[in-house]
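Inspection log for the structure reproduced underneath, given as structure tokens.
Bear in mind that the values here come from a model prediction, so they are computed numbers and not experimental data. Within every chain, numbering begins at 1; the chains are lettered A, B, ... in the order of the sequence lines, protein sequences first and strands thereafter.
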Amino acid sequence: MNFKEEVIALLQAHVDLPVAQLRDLIERPKNAKMGDYAFPTFVLAKQLHKSPVLIAKEIAPKLVSPVFANITAVGPYVNFAINHAVLTADTLKQVLQLQAHYGDQTLGHGNIPIDMSSPNIAKPMSMGHLRSTVIGNSLAKVLAKVGYHPIKINYLGDYGTQFGKLIAAYKHWGNEADVKQDPIMNLFHYYVKFHQEAEKHPELEDEGRLWFKKLEQGDAEATRLWTWFRAVSLEDFKRIYYELDVDFDSYNGEAFFNDKMASVITELKDKGLLHESQGAQVVDMGPDQNPALIVKSDGTSIYLTRDLAAAKWRMQHYDFVKMLYVVGNEQGEHFVQLKAVLKKMGYDWSDNIHHVPFGLITQGGKKLSTRKGNVVFLDQVLHDAVDLALNQIEHKNPDLAGKAQVAHDVGVGAVIFHDLKNDRLDNFDFDLKEVVRFEGDTGPYVQYTNARAQSVLRKAEQLTTASATDYQLTDEWSFQVAKDLADFPQVIVRASEKFEPSIVAKFALNLAKKFNKYYANVKILTDDTELPARLALVKASSLVLNEALRLLGVKAPKEM
RNA sequence: GACCUCGUAGCUCAGCUGGAUAGAGCACUGGUUUCCUAAACCAGGUGUCGUGGGUUCAAGUCUCACCGGGGUCACCA
């Protein structure tokens with residue numbers, strides 16, 4: 001049942017305003033005491049030459065509906081209070097009927113490639129990669145729920161000058177045995193050392209560029225090292241993706257597009273877009289903007305060149321309706337350039353490309369920089385989180401079966417949830433204590449709520465209950481839960497439109513909070529006539545909590 | 001200097017398309033377990049919504065300017 005439409009239908013008979021405008025005006029009061037829907041009468045004041053307060057007073061008594069418990073004038077508003085029993089019964093019925101499909105939408109269809117995660121080869125994954133990974137993963141699930149077909153692309157940073165530098169570093173300080181023993185960390189150390197040394201000996205930079213040029217020209221030694229570094233790195237990444245339970249539809253990284261750049265450059269030339277500037281080939285971006293660099297002065301390619309080739313290739317292969325780049329906010333200008341160049345090339349589908357930016361993670365207020373060796377290793381964070389979760393279980397529920405698995409789900413869940421619960425663009429300063437907190441506004445809080453609900457349902461199996469089809473509940477707490485449940489479909493819509501997982505996370509927290517209040521105030525397992533209705537509420541809450549957590553990529557253990 | 005982004009309680013942040021006394025969590029104090037998992041619940045209180053104009057019946061929300069934090073400013077990605 002759509003209560004808002006019901007409000008509109010009622011008002012229509014007594015108010016001289018078009019339906020579309022009514023729909024716009026009707027709002028949900030922030031304060032629940034004011035009712036569930038409100039109609040502000042200000043707009044009618046001029047039309048009727050009366051005070052809004054008087055208008056509200058006149059309209060309210062004329063409106064009668066079984067759906068609303070009462071309709072009253074409060075100041076210049078007409079407030080509608082939903083009949084609790086109707087909303088509760090209606091919502092529970094829907095959730096239990098649709099199960100996990102509750103909230104599904106058909107907002108669109110077609111492929112949506114999501115460029116996400118994209119770690120750089122030979123560097124450990126950091127907290128920064130976590131953001132892109134979990135936001136992208138969640139968006140994929142949300143977009144699938146509203147009808148689209150997401151394609152998760154891990155655009156590996158497996159090419160570029162940095163590999164020339166890495167090879168140069170390996171040649172100076174590396175050896176095969178060390179790399180075999182601990183690939184990522186040792187390669188990483190070479191890389192950091194390179195940047196430290198390069199500050200004293202700038203000629204190293206040239207050496208790095210030279211190796212990259214060799215790599216791009218197919219030099220055997222360069223290719224051998226690159227291939228090896230890439231393989232061992234990818235192996236390591238996949239281990240972490242397994243921990244996070246994230247998978248990809250494609251690992252086509254930058255190198256994959258290496259042989260696809262020439263045609264883009266030719267095309268840019270043919271379309272008269274390419275100009276020479278300071279020895280490099282660029283596309284002019286207008287008076288106030290930097291030109292878009294396509295070919296560097298030493299003749300090698302650059303990020304943008306590869307991204308252009310990648311975008312074209314993806315359009316040809318996926319025929320996408322939208323494409324998302326889940327990449328840090330600091331790269332905003334790059335995507336402005338990418339879109340602009342594609343547009344100049346005559347590709348209108350450039351408009352369907354969206355940069356989904358996110359805020360920076362800092363430590364002690366400073367930017368984390370891989371180059372400077374100032375990083376927070378994701379591996380370590382996940383490890384610590386799981387350890388702490390296990391500690392917690394030993395303390396609170398030592399007899400729990402499958403502790404290790406639950407600790408993993410809770411620990412990793414805490415980290416993921418922490419990353420998703422706030423607006424994407426908020427920066428945050430990394431603080432392990434904060435990330436792995438288990439109380440308050442956290443993932444484990446939501447998980448715990450669900451585990452409680454599950455526990456109730458398990459115990460309920462022992463009671464013989466008459467099945468009911470009409471879920472009549474009249475207490476205030478169950479109504480608050482039901483109201484949140486009823487909001488879920490709109491939450492999905494908003495999250496998918498704004499590419500914002502935090503909307504789902506916030507919803508899950510609110511629902512969990514309402515459910516815990518219900519749980520604390522109402523004894524559920526009492527064998528009376530309302531028992532089936534109460535169990536329906538518990539079941540529906542658990543279903544929706546599970547679904548919300550799933551959309552965030554967070555596990556929902558049945559016990560914890 | 002230009003552009004992007006953020007600026008709400010001691011701290012971390014909500015506040016959907018402008019609307020009625022601006023809300024959570026953390027931290028702090030106290031309380032709740034013969035009863036469904038106390039990772040919970042209940043009670044305690046603080047705000048020049050960065051500043052100043054503008055639009056509007058109505059601005060934390062829209063607009064402009066300024067201030068402050070972060071980011072970026074072609075041959076890294």
Starting from C1' on B:A20, measure out to CG on A:Leu25 and report it in whole angstrom.
15 Å
What nucleotide, of B:C75, B:U37, B:A20, holds the atom closest to the side chain of A:Lys296?
B:C75
Could you tell me whether the side chain of A:Thr362 reaches within less than 4.5 Å of the side chain of A:Asn427, counting heavy atoms only?
no
Could you check whether A:Ala45 gets within reach of a base, just the sugar-phosphate, or nothing at all, counting any heavy atom under 4.0 Å?
nothing
Is any side-chain heavy atom of A:Leu17 closer than 4.5 Å to one of A:Leu11?
no
Taking only the side-chain heavy atoms of A:Pro291 (C-beta and beyond), determine which of B:A40, B:A20, B:A74 contains the nearest atom.
B:A74
Using the C1' atoms only, state how far B:G47 lies from B:A24, rounded to an integer number of Å.
15 Å
Value for CG (A:Leu388) from CD (A:Gln392), rounded to nearest 0.5 Å, stands at 8.0 Å
Just how far, in rounded Å, is C1' of B:U72 from CG of A:Leu338?
17 Å
Atom pair distance, as rounded to whole Å: CG in A:Asn31 and P in B:A20:
10 Å
C1' atom, B:G7 versus B:C49: distance in rounded Å?
10 Å
Are side-chain heavy atoms of A:Arg23 and A:Glu5 found at a separation under 4.5 Å?
yes
Can A:Glu216 and A:Lys213 be said to form a salt bridge (charged side-chain N to carboxylate O under 4.0 Å, His left out), step by step?
CA-CA 5 Å; A:Glu216 206 156 31; A:Lys213 190 156 189 177; over 6 Å; no
Interatomic distance, A:Leu44 atom CG to A:Ile55 atom CD1 [nearest 0.5 angstrom]:
5.0 Å
Interatomic distance where CH2 belongs to A:Trp477 and P belongs to B:C42 [whole Å]:
10 Å
Using atom CD of A:Glu559 as one end and atom P of B:C36 as the other, report the distance to the nearest whole Å.
15 Å
Examine B:A38: is either OP1 or OP2 under 4.0 Å from a nitrogen or oxygen in the side chain of A:Arg452? Give yes or no.
yes
At under 4.0 Å between heavy atoms, how does the protein contact nucleotides 1-15 of chain B? Give one character per nucleotide, 5' to 3', with B, S or -.
----S-------SS-
Tell me whether the side-chain N/O atoms of A:Lys396 come closer than 4.0 Å to OP1 or OP2 in B:A39.
yes
Under 4.0 Å, heavy atoms only, any strand: does A:Leu509 hit a base, just the sugar-phosphate, or nothing?
nothing
If you measure from the P atom in B:G45 to the same atom in B:A65, how many Å do you get, rounded?
42 Å
Can you confirm whether A:Val78 sits close enough to A:Thr72 that some side-chain heavy atom of one is under 4.5 Å from a side-chain heavy atom of the other?
no
Pairwise C1' distance for B:G53 and B:C11, with rounding to whole Å:
32 Å
Tell me what A:Gln392 touches on the nucleic acid: a base, only sugar-phosphate, or nothing, going by heavy atoms under 4.0 Å.
base
Mapping A:Gly75 and A:Ser277 onto RNA chain B by nearest heavy atom, which one lands closer to the 5' end?
A:Gly75
In whole Å, I'd like the distance from the CG atom of A:Leu156 to the P atom of B:C76.
21 Å
Is the shortest side-chain heavy-atom distance between A:Gln281 and A:Glu276 below 4.5 Å?
yes
Answer whether the closest heavy-atom distance between the side chains of A:Ile492 and A:Phe488 falls below 4.5 Å.
yes
Which part of the nucleic acid, if any, lies within contact of A:Val74, taking any heavy atom under 4.0 Å across all strands shown: a base, the sugar-phosphate backbone alone, or nothing?
base
I need the CG-P distance between A:Leu360 and B:U72, as an integer number of Å.
8 Å
For A:Gln331, report the nucleic acid contact type (base, sugar-phosphate, nothing); a contact means any heavy atom under 4.0 Å.
base
A:Asn516 has a side chain; which of B:A40, B:A39, B:A77 sits nearest to it?
B:A40
From the options A:Arg209, A:Glu205, A:Lys296, select the one residue that forms a side chain to side chain donor-acceptor pair (under 3.5 Å) with A:Thr161.
A:Lys296
With rounding to whole Å, what would you report as the distance between B:A20 and B:G15 at their P atoms?
16 Å
Tell me whether the side-chain N/O atoms of A:Tyr445 come closer than 4.0 Å to OP1 or OP2 in B:C41.
yes
Ranking B:A77, B:G25, B:C75 by distance to the side chain of A:Asp441, first place goes to B:G25
In whole Å, what separates the C1' atom of B:U33 from that of B:C28?
24 Å
Atom NZ of A:Lys403 and atom P of B:A39: how far apart are they, to the nearest Å?
16 Å
Hey, which sits more toward the 5' end of RNA chain B by its nearest nucleotide, A:Lys513 or A:His334?
A:Lys513
Going from NZ on A:Lys165 to NE2 on A:His195, what distance comes out if it is rounded to the nearest 0.5 angstrom?
4.5 Å
With respect to the side chain of A:Lys517, which nucleotide from B:G25, B:C36, B:C42 is positioned closest?
B:C42
For A:Gln278, answer base if it contacts any base atom (sugar-phosphate contacts may also be present), sugar-phosphate if it contacts only those atoms, and nothing otherwise; contact means non-hydrogen atoms under 4.0 Å.
base
Among the candidates B:G71, B:A39, B:A24, find the nucleotide nearest to the side-chain atoms of A:Glu330.
B:G71
Is the shortest heavy-atom distance from the side chain of A:Phe237 to the side chain of A:Ile121 under 4.5 Å?
yes
Need one value for A:Val53: base, sugar-phosphate or nothing, where a base atom within 4.0 Å counts as base even if backbone is also close, heavy atoms only.
nothing
Side chain of A:Ala38 only, heavy atoms from C-beta on: which candidate in B:A20, B:G25, B:C35 is closest?
B:A20
Can you confirm whether A:Lys513 sits close enough to A:Leu509 that some side-chain heavy atom of one is under 4.5 Å from a side-chain heavy atom of the other?
no
Options B:C36, B:C16, B:A74, nucleotide nearest the side-chain atoms of A:Ile524:
B:C36
Nearest-angstrom distance, P atom, B:A77 to B:U72:
15 Å
What nucleotide among B:A39, B:C76, B:U37 has an atom nearest to a side-chain atom of A:Thr161?
B:C76
Give A:Pro29 one of three labels, base, sugar-phosphate or nothing, depending on what nucleic acid heavy atoms sit under 4.0 Å from its own.
base
When you check the phosphate oxygens OP1 and OP2 of B:C76, does a side-chain N or O of A:Arg209 lie under 4.0 Å from one of them?
yes
Select base, sugar-phosphate, or nothing to describe what A:Asn79 touches, counting heavy atoms under 4.0 Å on all strands.
base
Under the side chain to side chain donor-acceptor pair (under 3.5 Å) criterion, do A:Glu254 and A:Asn258 qualify, and how do the steps go?
CA-CA 7 Å; A:Glu254 296 180 40; A:Asn258 205 22; over 6 Å; no
Near RNA chain B, under 4.0 Å by heavy atom, which residues of residues 297-310 of chain A?
A:Ser297, A:Ile302, A:Tyr303, A:Arg306
A:Lys459 side-chain N/O to B:U37 phosphate OP1/OP2 under 4.0 Å:
yes
Can you tell me which nucleotide in B:C36, B:U17, B:A39 comes closest to the side chain of A:Met560?
B:A39
Nearest-angstrom distance, C1' atom, B:U21 to B:C66:
32 Å
